Each structure stands twice: as C-alpha cells, then as structure tokens.
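To start, the structure under review is shown below, and the notes come after it.
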Amino acid sequence: QVQLVESGGGSVQSGGSLRLSCALSGYTHKGYSLAWFRRTSLWKEREGVSCIYYYSGSTVDAASVKGRFTISRDNAKNTLYLQMNSLKPEDTAMYYCAFDPADYARSGTCLSRNFNYWGQGTQVAVSS
C-alpha cells in the first residue's frame, strides 16, 4: 500500500527558508509522478506548487514559486524534497505530497486530478 509521510513544516519569518521532505513507501516500480501541492484554507482548492517526473526528471513549477522553490527527489531513499527559499507570508499553507504511478511528463502540467495518493500534509507558516 502506497504511503506518503511529509515532514519539515514549521514557522519562519518572511525571507527565511524551509525544506520539506516526503517519504514514499509501498511502491517499487519506476515511471511515476511526484508533486507538492498546497492549500491556503479549507475553502480553497489545492494549488499545484511543483511536480517532478521519474524518467525525464523534468519539473513543472507554479509561477508564484519559480526561482524560490526547488523540487527534487532521491530515488535511493524514495524521498521527495521541496526546498523553499525567500518565503513570503502568502506561502503560508498546508503542504501536501502527492504520488501517482503514471508519468505525466508529457502533459507539461501539475494538476491535482492526476494524483491518486496523498500525504496528510505539513503546515508552513510565514510571518511578516
């Protein structure tokens, strides 16, 4: 059974940095997609932050985080990361790790509807 466990959230001042981690277990095949999404409130849809695809290693990043956030993965450790620099108060959200056994690199998109497995989330709070 696929499981995703996020860690690394917390509180930081504007301009600070955090690194989120997501441990993937229960899946040993290749060719999958991994991503980070965030939700700023319960009344809003999850927003795609960044996606990364297995074979190409290509990424798709939201315009709001380009140049500040970097998604990466360690295949040996089955771990996904999100390095977040120059954090802003508007980055405050619950951040979710997502996984799908399909590789969506050709889509060039980072959409929540493509992902069938989700972590519980880790909270990030950025104060001004």
Side-chain angles (χ1 to χ4, degrees):
Q1 182 177 356
V2 172
Q3 287 191 322
L4 301 165
V5 179
E6 302 100 333
S7 61
S11 297
V12 66
Q13 289 190 326
S14 182
S17 298
L18 284 173
R19 188 175 83 154
L20 305 183
S21 300
C22 173
L24 166 67
S25 62
Y27 192 81
T28 57
H29 304 291
K30 299 179 181 180
Y32 50 80
S33 300
L34 285 166
W36 289 99
F37 289 82
R38 67 187 181 187
R39 177 181 281 169
T40 55
S41 74
L42 292 177
W43 298 273
K44 291 190 176 182
E45 294 291 327
R46 278 180 288 211
E47 170 195 11
V49 176
S50 189
C51 288
I52 187 167
Y53 303 109
Y54 186 92
Y55 286 115
S56 64
S58 61
T59 64
V60 177
D61 303 304
S64 59
V65 305
K66 278 185 178 179
R68 300 188 299 123
F69 291 10
T70 303
I71 190 172
S72 63
R73 68 175 192 263
D74 185 329
N75 290 339
K77 295 182 179 179
N78 284 339
T79 302
L80 176 71
Y81 301 100
L82 184 68
Q83 178 65 44
M84 305 186 294
N85 298 327
S86 302
L87 282 160
K88 304 175 181 181
E90 51 263 44
D91 295 318
T92 296
M94 183 70 81
Y95 283 74
Y96 298 91
C97 174
F99 164 88
D100 196 85
D103 190 319
Y104 292 105
R106 289 186 180 182
S107 73
T109 60
C110 189
L111 302 174
S112 60
R113 66 171 180 256
N114 290 339
F115 292 85
N116 288 293
Y117 298 90
W118 295 84
Q120 293 299 308
T122 184
Q123 181 69 43
V124 171
V126 185
S127 59
S128 57

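Just so you know, these numbers come straight off a predicted model, no measurement behind them.
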Take M84 and V12 through the side-chain contact (heavy atoms from CB on, under 4.5 Å) test and state the conclusion after the steps. CA-CA 11 Å; M84 305 186 294; V12 66; over 6 Å; no
Mind jotting down which residue pairs meet the side-chain hydrogen bond (donor to acceptor under 3.5 Å, both in side chains) criterion with at least one end in residues 10-35? Sequence neighbours excluded, please. S17-N85
side-chain hydrogen bond (donor to acceptor under 3.5 Å, both in side chains): pairs with one or both residues in residues 110-128, sequence neighbours excluded: D100-N116
Spell out, as yes or no, whether a donor-acceptor pair under 3.5 Å connects the side chain of R39 to the backbone of Y96. no
CG/D103 to OG/S56 distance, rounded to the nearest 0.5 angstrom? 6.0 Å
For I71 and D61, which heavy atoms make the closest approach, and how far apart are they? CG2-OD1, 4.3 Å
Any chain of hydrophobic side-chain contacts (each under 4.5 Å) joining Y54 to V2? yes
Quick check: is L20 connected to F115 through a chain of hydrophobic side chains (ILVMFWY, heavy atoms under 4.5 Å apart)? no
Could you report the tightest heavy-atom contact between G57 and R73, atom names first, then the distance? CA-NH1, 3.7 Å
Verdict with supporting geometry, T109 and Y104, side-chain contact (heavy atoms from CB on, under 4.5 Å): CA-CA 8 Å; T109 60; Y104 292 105; 5.8 Å; no
Going only through I, L, V, M, F, W and Y residues with side-chain contacts under 4.5 Å, is there a path from F69 to I52? yes
How far apart are the C-alpha atoms of E90 and S64, what are their side-chain angles, what is the distance that settles it, and do they pass the side-chain contact (heavy atoms from CB on, under 4.5 Å) test? CA-CA 10 Å; E90 51 263 44; S64 59; over 6 Å; no
Taking C-beta and beyond as the side chain, do C51 and Y53 meet within less than 4.5 Å on heavy atoms? yes
How close do W36 and Y81 get, heavy atom to heavy atom, and via which atoms? NE1-O, 3.2 Å
May I ask whether L18 and L80 are part of the same hydrophobic cluster, defined by side-chain heavy atoms of I, L, V, M, F, W, Y residues being less than 4.5 angstrom apart, directly or through others? yes
Donor-acceptor check, side chain of T79 to backbone of K77, threshold 3.5 angstrom: yes or no? yes
Spell out, yes or no, whether V49 and V124 are grouped together once hydrophobic residues are joined by side-chain heavy atoms under 4.5 Å, including indirect joins. yes
Euclidean distance, L4 CG relative to N78 CG, rounded to 0.5 Å: 10.5 Å
Before you tell me yes or no, could you show the steps for C110 and F37 under side-chain contact (heavy atoms from CB on, under 4.5 Å), namely the whole-Å CA-CA distance, both residues' side-chain angles and the distance that decides it to 0.1 Å? CA-CA 9 Å; C110 189; F37 289 82; 4.2 Å; yes
Counting N and O atoms only, with roles assigned by atom type, does the side chain of R38 sit under 3.5 Å from a partner on the main chain of T92, one being a donor and the other an acceptor? no
